[in-house]
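No hydrogens, no waters, no symmetry mates; every other heavy atom, side chains included, goes into these values.
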Amino acid sequence: MSNRLAGKVCIITGTGGGIGRAAALAFAREGASIVGSGLQSDDAQATVEAVRAAGGTMMSLHPCDLTRPADCRTLVDLAVRSFGRIDVLFNNAAMAHFNWIEDISDEEWDRNRRQEVDLVFYLTRAAWPHLKASRGVVVNTASLTAWMSFKALGSLAHTTAKAGSSR
């Protein structure tokens with residue numbers, strides 16, 4: 001690899017899952033120090049072990065509920081305390097919920113917003129002063145559903161949330 005992220009500190013959320021795990025491994029191969037997070041401790045820890053086994057540097061906060069601003073601040077504090085900076089915030093974690101418009105309850109709508117949009121805002125807000133200082137970047141996982149919905153999938157809440165967090 002090119003080591004193009006050597007010396008960079010990257011927070012990657014959702015590292016217990018497929019995209020988050022792959023990102024952690026890829027960023028580490030490029031020389032970044034990774035601070036991950038996940039709801040499921042066993043899965044998140046497995047990613048830490050995989051990155052370290054491949055020669056990378058990674059730590060993780062798990063369980064970490066990013067719908068809670070306090071957990072977002074704790075994750076940012078871990079990165080800054082451990083590495084002194086944040087260069088990349090990769091907002092990958094989300095929990096999509098699907099239902100047809102006539103069946104979506106207010107509770108489902110609120111849960112979807114919290115687990116797909118609010119968590120991006122809370123963590124970005126917590127990391128923002130450090131990203132400004134490092135002239136860092138924010139990367140948000142997007143979805144084609146931010147621009148369109150599919151007839152065979154009850155995705156109104158997910159489509160709305162992805163459009164809100166993709167811009």
Distance-only side-chain donor-acceptor flag, T47 / R21, under 3.5 Å: yes

Go through F83 and V35 one step at a time and tell me if the side-chain contact (heavy atoms from CB on, under 4.5 Å) criterion holds. CA-CA 9 Å; F83 297 110; V35 179; 3.6 Å; yes

H62 and Q45 side chains, donor-acceptor separation under 3.5 Å: yes

If you count every heavy atom of other residues, nucleotides or ligands that lies below 6.0 Å from L78 atom CG, does the total exceed 12? yes

Let's go through L119 and N91 carefully: what are the C-alpha distance in whole Å and the side-chain angles of both, what is the deciding distance for side-chain contact (heavy atoms from CB on, under 4.5 Å) to 0.1 Å, and is it a yes or a no? CA-CA 8 Å; L119 55 82; N91 286 307; 5.6 Å; no

May I ask whether L25 and V88 are part of the same hydrophobic cluster, defined by side-chain heavy atoms of I, L, V, M, F, W, Y residues being less than 4.5 angstrom apart, directly or through others? yes

Can you get from V51 to I19 by hopping between Ile, Leu, Val, Met, Phe, Trp and Tyr side chains that sit under 4.5 Å apart? yes

State, with a plain yes or no, whether a side-chain heavy atom of R125 is found less than 4.5 Å away from one of P69. yes

So which atom in A28 and which in G56 form the shortest heavy-atom distance, rounded to 0.1 Å? CB-CA, 4.2 Å

Under a single-linkage rule joining Ile, Leu, Val, Met, Phe, Trp and Tyr whose side-chain heavy atoms are separated by less than 4.5 Å, which residues share a cluster with F121? Y122

Between SG of C64 and CG of D71, what distance do you get to the nearest 0.5 Å? 5.0 Å

I'd like to know if D87 and R85 make a salt bridge, using a cut-off of under 4.0 Å between side-chain N and carboxylate O. yes

I12, L75: one ILVMFWY side-chain cluster at the under-4.5 Å cut-off? no

Is it true that V80 and V137 fall in one hydrophobic cluster, defined by side-chain heavy atoms closer than 4.5 Å? no

side-chain contact (heavy atoms from CB on, under 4.5 Å) assessment of M58 paired with T15: CA-CA 11 Å; M58 182 175 180; T15 53; 3.8 Å; yes

Closest contact, heavy atoms only, P63 versus L39: CB-O, 3.3 Å

Output yes when D65 and R68 qualify as a salt bridge under the 4.0 Å nitrogen-oxygen rule, no when they do not. no

Side chains of N92 and T141: is there a donor and an acceptor less than 3.5 Å apart? yes

Between L89 and L123, is any pair of side-chain heavy atoms under 4.5 Å apart? yes

Any chance you could lay out the side-chain contact (heavy atoms from CB on, under 4.5 Å) test for L66 and T13, step after step, and finish with the verdict? CA-CA 9 Å; L66 298 171; T13 65; 3.5 Å; yes

Nearest non-hydrogen partners of N3 and R29, listed with the distance: OD1-O, 4.1 Å

Measure the CD-CZ distance between E49 and R52 for me, rounded to the nearest 0.5 Å. 8.0 Å

With a 4.5 Å cut-off on side-chain heavy-atom distances among I, L, V, M, F, W and Y, is there a chain of contacts connecting I11 to V48? no

Report the residues that fulfil side chain to side chain contact (heavy atoms under 4.5 Å, CB included) with A32, sequence neighbours left out, ordered by chain and then residue number. L5, C10, F27, I34

Does atom CG of D103 have more than 12 heavy-atom neighbours from other groups under 6.0 Å away? yes

Are any side-chain N or O atoms of S33 and backbone N or O atoms of T57, one a donor and one an acceptor, separated by less than 3.5 Å? no

Can any side-chain N or O of E108 pair as donor or acceptor with the backbone N or O of S105 at less than 3.5 Å? yes

